[in-house]
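The basis for the numbers below is simple: all heavy atoms, side chains too, and nothing from hydrogens, waters or symmetry mates. Note on naming: letters A, B, ... go to the chains in the order of the sequence lines (proteins, then strands), and numbering restarts at 1 for each one. Just so we're clear, the structure is a prediction, and the values are computed from it rather than from any experiment.
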There are 2 protein chains.
Amino acid sequence: MAELQLQSPGKQPTIRDVAELAGVATSTVSRALSNPGRVNRVTRERIEEAAAQLNYIPSSQARGLSSGRTQTVAVLVPDITNPFYFDIIRGAQHQLKAAGYTQLLVDTEESAEMEADALQKMRRSADGFILAASRLTDAQLAEAAAQQPLVTINRAPAIAPTVVIDTPSAIIQALEHLVSLGHSRICFVGGPATSWSNAKRWQAFQEETTERKLTTFSVGPFAPKTTSGAAAADAAVHTGATACIVFNDLLAIGMLQRLRERGIRVPDDMSIVGCDDIFGADFCNPPLTTMASPIEQAGRVAVSMLLSRLNPQYGGTSRRLAVMPTHLTVRASTGAAPVR
Amino acid sequence: MAELQLQSPGKQPTIRDVAELAGVATSTVSRALSNPGRVNRVTRERIEEAAAQLNYIPSSQARGLSSGRTQTVAVLVPDITNPFYFDIIRGAQHQLKAAGYTQLLVDTEESAEMEADALQKMRRSADGFILAASRLTDAQLAEAAAQQPLVTINRAPAIAPTVVIDTPSAIIQALEHLVSLGHSRICFVGGPATSWSNAKRWQAFQEETTERKLTTFSVGPFAPKTTSGAAAADAAVHTGATACIVFNDLLAIGMLQRLRERGIRVPDDMSIVGCDDIFGADFCNPPLTTMASPIEQAGRVAVSMLLSRLNPQYGGTSRRLAVMPTHLTVRASTGAAPVR
DNA sequence: ACAAGGATGACAAGCGATTGCCAAAAATTG
DNA sequence: CAATTTTTGGCAATCGCTTGTCATCCTTGT
């Protein structure tokens with residue numbers, strides 16, 4: 001008396017069920033599904049049909065247990081809220097999905113401890129890591145890189161494979177732009193002290209302004225959030241500069257709001273250049289002149305670099321460094337320097 | 001002669017290594033770590049020390065294999081790019097992390113097929129699902145809900161446990177607001193045809209405008225992106241309405257841009273009300289009057305509902321429905337109706 | 001037509017944890 | 001001090017799948 005048992009809830013079909021239905025051994029099923037060609041075509045088709053009929057999906061857990069791989073990549077970002085990382089997440093997601101990987105998203109809340117912790121805790125559950133704007137020290141990062149495959153985004157190339165968004169060269173473009181508008185008193189509005197990008201941008205700013213013999217100021221560090229914009233704007237205005245190069249768009253947008261509140265006209269009284277060209281930079285008021293980065297592409301490239309390391313057989317030159325070009329996008333937040 | 005073997009790369013310590021170092025059986029280690037109290041305190045401490053010394057992390061794969069659980073929840077959103085979902089992701093992430101779960105992020109690209117596919121494929125790798133603004137049909141959704149634990153966000157409560165953001169009542173507030181400003185010719189700018197939220201908003205709009213005997217128009221459906229805003233704006237203007245209630249902020253912001261291009265002043269010639277109060281709604285030009293939703297909280301509540309289902313022992317009343325209140329946030333995109 | 005070689009598929013041993021069962025040890029009691 | 005109860009911890013089976021080994025069967029060449 002055959003028991004009819006379809007969809008006994010919670011009970012998932014196993015490779016054994018498929019083998020039984022197809023009348024073969026489980027090993028044959030395994031090979032037929034993951035290594036076709038090792039199995040007779042007719043048999044394989046029979047197995048595939050049985051699998052489809054049972055709605056069979058292999059358990060990634062069991063599969064990972066023997067293979068030691070999880071087909072999973074963890075993406076660590078300092079702040080999920082920040083649109084900049086959205087684009088990275090999106091690019092990574094896209095590329096991972098295409099390669100049959102799953103994305104584990106982790107928000108490290110701008111904390112080096114949380115980042116290190118996640119790196120440890122997830123060591124076993126992810127095949128590799130993408131560290132966007134890591135807040136780790138060089139030493140911590142080197143240690144982590146020695147333990148597991150990882151690719152950083154916007155971090156010194158010496159330590160681990162990395163994708164660098166070339167904002168320093170964009171800084172030069174931005175300065176060129178400001179100078180051509182007649183500005184000579186320029187303020188750098190700094191981001192988080194632990195940010196490598198911030199350090200690089202500041203360095204480029206200093207070098208270039210020194211060479212051009214410009215009068216410069218700097219304020220900060222500020223948290224990269226719109227809410228820090230008010231303090232940043234006030235500080236920048238106080239310096240007497242006529243133009244600001246701001247760590248990122250989030251902060252710049254916050255400044256824009258504050259300046260309007262205070263009746264300081266942008267760009268008439270003060271020009272503002274942001275960085276990243278995030279969502280919103282084009283429709284804020286006034287639209288923001290900013291250094292546009294191919295952020296999503298950076299996420300994609302980072303994943304590619306990681307995957308080519310994880311699967312060397314698929315080749316792909318395992319570069320240790322990818323530099324993403326940037327360019328200045330001029331909108332309405334920059335204009336001629338005010339006449340004194 | 002003891003071999004010194006620290007950090008043999010790629011080789012992770014197993015429970016056996018810990019057992020050996022501590023001089024006990026693996027089962028004792030397992031119990032000591034996951035069920036303290038079943039093991040002598042002294043022994044447990046010895047084991048914990050050994051584990052710490054080896055930097056041991058249990059393999060979630062192996063653990064999952066025997067327990068059948070993955071400590072993982074998949075969050076499916078139609079469009080990672082949309083800031084609305086960012087907040088949901090963020091809320092979910094927060095709550096999941098607090099409960100020791102990991103978030104699997106999936107972008108279903110506004111496609112019901114991809115959504116159904118992900119639901120199938122990840123059946124084994126996630127303990128449960130959060131479906132934000134599912135594009136599935138009721139039938140598909142019911143089937144999916146029968147197969148695995150899931151919680152929907154903004155979907156009819158009859159089918160699966162759900163968190164509903166009460167935008168219909170916000171629509172009424174918005175209409176009240178517009179009427180009080182003297183508007184009587186109001187246009188509904190519709191979102192995706194497959195969106196349940198859109199249907200509910202449209203229904204609320206119709207009921208309320210009928211009751212108030214207002215002259216109404218509707219245009220759409222439009223994709224919920226800023227780039228669709230141009231077409232939406234043109235269509236809305238063409239109706240002759242003096243105010244628009246727009247499916248969501250993304251579309252509304254796109255409309256704002258187009259209207260400015262065309263020299264149609266907001267709010268002087270046309271008032272615009274958005275929905276969701278996403279990132280950017282406060283700094284676009286003009287700042288957008290919108291129906292603000294506690295989106296992040298919705299993500300959190302959805303996770304709570306799911307987890308209380310996954311872990312009934314921890315109790316928590318397993319509600320099938322949570323309604324999140326909304327309210328109108330008035331900014332500068334609405335104003336008095338133009339005199340004819 | 002027969003041997004050599006290649007395809008094919010069954011068996012069984014892991015992968016790293018959990019857990020039921022039971023024996024040994026410790027604590028409690030009369 | 002013996003008897004009984006309670007703790008403690010070891011053995012081994014199990015979760016679902018992969019993979020090395022090897023016997024069997026089918027091709028193909030001479």
**Q** Are B:Gln61 and A:Ser125 linked by a side-chain donor-acceptor pair shorter than 3.5 Å?
**A**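 There is no such pair (donor and acceptor under 3.5 Å, judged by atom type) between the side chains of B:Gln61 and A:Ser125.
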
**Q** Of the nucleotides C:dA10, D:dG10, C:dG9, which has the atom closest to the A:Thr43 side chain?
**A** C:dG9

**Q** Given atom CD of B:Glu20 and atom P of D:dG10, what is their separation to the nearest angstrom?
**A** 13 Å

**Q** Among side-chain atoms of B:Gln12 and A:Arg123, is any donor-acceptor pair under 3.5 angstrom?
**A**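 Looking only at side-chain atoms, A:Arg123 and B:Gln12 do form a donor-acceptor pair, the distance falling under 3.5 Å.
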
**Q** Between D:dT18, C:dG16, C:dT19, which nucleotide gets closest to the side-chain atoms of B:Arg31?
**A**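 Closest of the options to the side chain of B:Arg31: C:dT19.
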
**Q** Taking for each residue the nucleotide of DNA chain D with the nearest heavy atom, is it B:Val39 or B:Arg124 whose nucleotide lies nearer the 5' end?
**A**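 First, find each residue's nearest nucleotide; the 5'-ward one identifies B:Val39.
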
**Q** Using a heavy-atom cut-off of under 4.0 Å over every strand shown, decide if A:Val29 touches base, sugar-phosphate, or nothing.
**A** nothing

**Q** I want to check something: taking the side chain as every heavy atom from C-beta on, are A:Phe84 and A:Ile165 in contact at a cut-off of under 4.5 Å?
**A**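 The answer is yes, as the side chains (C-beta and beyond) meet within the 4.5 Å cut-off.
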
**Q** Whole Å only: how far is the CD atom of B:Gln61 from the P atom of C:dA17?
**A**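 From B:Gln61 CD to C:dA17 P: 11 Å.
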
**Q** Do B:Arg44 and D:dG9 have a side chain to base donor-acceptor pair shorter than 3.5 Å?
**A**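 A donor-acceptor contact between them is absent.
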
**Q** Among B:Thr72, B:Leu306, B:Leu307, B:Val303, which one satisfies side-chain contact (heavy atoms from CB on, under 4.5 Å) with B:Tyr101?
**A** B:Leu307

**Q** Under 4.0 Å between any heavy atoms, over every strand shown, what does B:Thr14 touch: base, sugar-phosphate, or nothing? Just pick one.
**A**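 Sugar-phosphate contact only - B:Thr14 comes under 4.0 Å of backbone atoms but never of a base.
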
**Q** To the side chain of A:Pro58, which of D:dC17, C:dA10, C:dT18 is closest?
**A**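 So the nucleotide nearest the side chain must be D:dC17.
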
**Q** Calculate the interatomic distance between B:Leu65 atom CG and D:dT18 atom P; express it in whole Å.
**A** 12 Å

**Q** Please determine, by modelled atom types, if A:Arg90 and B:Thr81 share a side-chain donor-acceptor pair under 3.5 angstrom.
**A**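 Judged by distance alone, the side chains do pair up.
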
**Q** Which residue, A:Asn40 or A:Thr26, contacts DNA chain C at a nucleotide closer to its 5' end, judged by nearest heavy atom?
**A** A:Asn40

**Q** Taking atom types as they are modelled, is there a donor-acceptor pair under 3.5 Å from the base of C:dC11 to the side chain of A:Ser27?
**A**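 Side chain to base: pair found, below 3.5 Å.
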
**Q** Starting at CZ of B:Arg16 and ending at P of C:dG14, how long is that distance when rounded to a whole Å?
**A**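 Computing the B:Arg16:CZ to C:dG14:P distance gives 10 Å.
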
**Q** Any base atoms under 4.0 Å from B:Ser60, or only sugar-phosphate, or nothing? Heavy atoms, all strands.
**A** nothing

**Q** Send over the distance from B:Arg63 CZ to D:dC17 P, rounded to a whole Å.
**A**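 Rounded to whole Å, this separation is 21 Å.
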
**Q** Is A:Ser67 near enough to D:dT18 that one of its side-chain N or O atoms lies under 4.0 angstrom from OP1 or OP2?
**A** no

**Q** Just compare C:dA10, C:dT18, D:dG16 and give me whichever is closest to any side-chain atom of B:Ser66.
**A**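 So the nucleotide nearest the side chain must be C:dT18.
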
**Q** Round to the nearest Å and state the distance from A:Arg69 atom CZ to C:dC15 atom P.
**A**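 Computing the A:Arg69:CZ to C:dC15:P distance gives 18 Å.
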
